[in-house]
Amino acid sequence: MSIDLILLIIYFVGMLGIGVWAMRRSTKSSEGFLLADRSLGPAVTALRLQSSSMSGYMFLGAGSLAYTQGYYSMWYALGDVGGGVLNLSIIGRRMRKLSQMLGSITSIGYLENRYPSRWTRLVAAPIALFCMFFYVLAQFLAGGQGLAMVTGLSVNVALIVAVGIIVGYTFLGGYLAVAYTDFFQAIIMVIGMLWILIASLQYVGGLTQANQTLATVNENLLTMWGSEGQYFGQWGIIIGALLVFSIGYIGWPHVNVSHMAMRRPSVARQAGLYATIFNLLFIPGAYIVGMMGILIVPGLDNPELAIFEVADTVLPTFAVGIVMAAIMGAIMSTADALLLQAGTIASQDLWARFFGRSMSERTSVNVSRLTILLLAVIAVVLAIAEPPGVFDIVVFATSVLGSAFVPAYICAVWWKKANTVGAISSMIVGTLASVISELSGSSDGIGFDPMVIGITCSTITMIVASLLTQRSNPVPEHVRQAVEETARVAPVPARMVAGEDTTLATQRPREKEEE
């Protein structure tokens, strides 16, 4: 057995060990399973949020884009670098506080509490499940390809092994397991990416020498307009590239649940700093290594394997195992978050809300676990059928989630007049606009990225529909007061938590806490 495979096995065993530990500590209630009893500090919050949003895309999609388009790929990197701090700064502290006052334990339930109507949940939950399914499918594909390279197994067998491990610790420990495995995986991701970046630059003689060599291959690779200069002046597409992983992922329910699990609202400030440091160390490396791959492993049939092949070429054998652990960490940290959130939506936002109002805490957790298992099985079957590439799936899912939910999440804490009609209309219009734009090829046809079209339509719809229906559908007074309170940097007054969910008594703040 090779040393890189041994290291990878040790890594997998460690992740499962965290799942067992978390199971023993915090799965007795829905709040424990879904929000880790709202106990997470800034470092775990930040690294969990970032690692679960980086995904296998960073090691497959980002590398592939850079390998084929050169420095044009840095538009995506620029947006991604600021994504974490934007998310935490815009809605982090306020969402944590508002979710506490409204008694919310799920990101979709939070939307219904803010925009009171069963239709809010009936619209939001299926959209979220639809997009998360495609996103988790991309992670399984990435995991199968990565594990196959290290083990020598067929992609399908490696896929099943990778999925089994991911489902294992998510199934056992819920959000606490996801949070702490994501935290450790984020550290491994940074170490692995920096290692392969440094080794790659040494291999090609430094970045300056690499750029000079790239110019002899194709001068357009050194511009930010694409390998053929095809994106020159295409600002509708470039803005979409900047938005998709910056503003766009404010609409990801599986990421936003991180805000709700913070120990207290003030955690968001320090978490923003940790998130920015992580992004600066990790994100540019994926794109630069992808470009170095043009020189190190030219002529790849599958550009999505660029970073894998570069690592195998420039690193010593023992280091390949560590880097592969980093790659699997990126994949697993997103897949587990997606699976847990999908289970949450199924158990809390659909089953408990509409079919099983009187079900026990244990039953709720079991429904969540069953959903995780079923979703994983279906995704594996489709992954074996070889769907589109990881990059295409991730960008599609992110565009739809961002278009559907960004205005709803931002307006929830910043605009008192945002009402139920505006939110529901915004989610429907944003989803339809982005899906139709994607299917019709708006980028090629009219020069506008589906993300730009979708989020513009959903934002306008939110504003217009809310303003037109202020009299017929006013924002409830208790919601309006809660939104006003989120602006204050102070503990939540006792009177503001009087109507919270009775299972969430542990949320009640102590007056000595500083927000």
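Because only heavy atoms are used, hydrogens play no part in the values below, and waters and symmetry mates are left out as well, while side chains stay in.
In terms of heavy atoms, Gly422 sits closest to Ala465 at CA-CB, 3.7 Å. Counting all heavy atoms, side chain and backbone alike, Ala275 lies closest to Ala46 at N-CB, 3.7 Å. Taking each heavy atom of Met224 and Leu78 in turn, the nearest pair found is CE-CD1, 4.2 Å. Taking every heavy atom of both residues into account, Ser399 and Val244 meet most closely at OG-CG2, 4.0 Å. Between Ile307 and Gly290, the shortest heavy-atom distance links the atoms CG1-N, 4.5 Å. Heavy-atom minimum distance, Ala482 versus Met101: O-CE, 3.2 Å.
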**Report entry** Worked verdict on Thr45 versus Tyr274 for side chain to side chain contact (heavy atoms under 4.5 Å, CB included)
**Finding:** CA-CA 9 Å; Thr45 295; Tyr274 286 128; over 6 Å; no
Requested in this report: Show your working on side chain to side chain contact (heavy atoms under 4.5 Å, CB included) between Leu88 and His259 and close with a plain yes or no.
Outcome: CA-CA 8 Å; Leu88 285 159; His259 307 322; 3.7 Å; yes
Requested in this report: Run the numbers on Arg121 and Leu111 for side chain to side chain contact (heavy atoms under 4.5 Å, CB included), then give the verdict.
Outcome: CA-CA 7 Å; Arg121 198 180 300 230; Leu111 289 177; over 6 Å; no
Query raised in the report: Is there a side chain to side chain contact (heavy atoms under 4.5 Å, CB included) between Tyr115 and Ile424 once you walk through the steps?
Result: CA-CA 8 Å; Tyr115 307 108; Ile424 294 174; over 6 Å; no
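Inter-residue side-chain proximity for Met427 and Thr120 is flagged as met; some heavy-atom pair is nearer than 4.5 Å. Here the side chains of Met462 and Ile410 are not in contact, with every heavy-atom distance at 4.5 Å or above. Side-chain atoms of Ile239 and Asp449, non-hydrogen and from C-beta on, never get closer than 4.5 Å to each other. Between Val429 and Ser458 the shortest side-chain heavy-atom distance does not fall below 4.5 Å. Contact check for Phe133 versus Ile378: side-chain heavy atoms found under the 4.5 Å cut-off.
Of the possible donor and acceptor atoms, none in the side chain of Arg114 sits under 3.5 Å from a partner among the backbone N and O of Ala408. Lys416 contributes no side-chain N or O that, together with a main-chain N or O of Val475, makes up a donor-acceptor pair within less than 3.5 Å. Without hydrogens or angle criteria, Asn473 side chain to Val421 main chain gives no donor-acceptor distance under 3.5 Å. Checking side-chain atoms of Arg93 against main-chain N and O of Thr486 turns up a donor-acceptor pair under 3.5 Å. Judged by distance alone, the side chain of Ser403 and the main-chain N or O of Val400 form no donor-acceptor pair under 3.5 Å. Within the 3.5 Å criterion, the main-chain N or O of Ile250 finds a donor-acceptor partner in the side chain of Asn256. In this structure, the side chain of Thr459 engages the main chain of Ile455 through a donor-acceptor pair within 3.5 Å. In terms of modelled atom types and a separation under 3.5 Å, the side chain of Ser99 and the main chain of Arg96 share a donor-acceptor contact. Here the side chain of Trp415 pairs no donor or acceptor atom with the backbone of Ile463 at under 3.5 angstrom.
In this pair, Trp75 and Trp235 present their aromatic rings perpendicular. The plane angle is above 60°, beyond the 30 to 60° band.
Listed by chain and number, the residues in a side-chain hydrogen bond (donor to acceptor under 3.5 Å, both in side chains) with Asn279 are Gln50 (sequence neighbours excluded). Remark: Tyr287 pairs with no residue by the ring-ring contact (aromatic ring centres under 6.0 Å, His included) rule, at least two apart or across chains. Residues satisfying the ring-ring contact (aromatic ring centres under 6.0 Å, His included) criterion with Phe396, sequence neighbours excluded, are Phe134.
With respect to Gln470, the side chain to side chain contact (heavy atoms under 4.5 Å, CB included) criterion is satisfied by exactly one of Pro474, Ser472, Ser466: Ser466. For the pairing with Val413, the side chain to side chain contact (heavy atoms under 4.5 Å, CB included) check across Ile91, Val483, Ile90 returns one residue only, Ile91.
No side-chain donor from either of Glu485 and Gln481 sits under 3.5 Å from a side-chain acceptor of the other. Judged by distance alone, the side chains of Ser104 and Asn113 do bring a donor and an acceptor atom under 3.5 Å apart.
In this structure, CD1 on Ile460 lies 13.5 Å from OG on Ser425, to the nearest 0.5 angstrom. Rounded to the nearest 0.5 angstrom, Ile428 CD1 and Leu432 CG are separated by 7.5 Å. Atom OG1 of Thr420 is separated from atom CD of Glu112 by 9.0 Å, given to the nearest 0.5 angstrom. Expressed to the nearest 0.5 Å, how far CD1 of Ile393 lies from CG of Leu60 amounts to 11.0 Å. Rounding to the nearest 0.5 Å places CE of Met262 at 9.0 Å from CE of Met95. In this structure, the separation between CD1 on Ile191 and CG on Leu281 is 10.5 Å, given to the nearest 0.5 Å.
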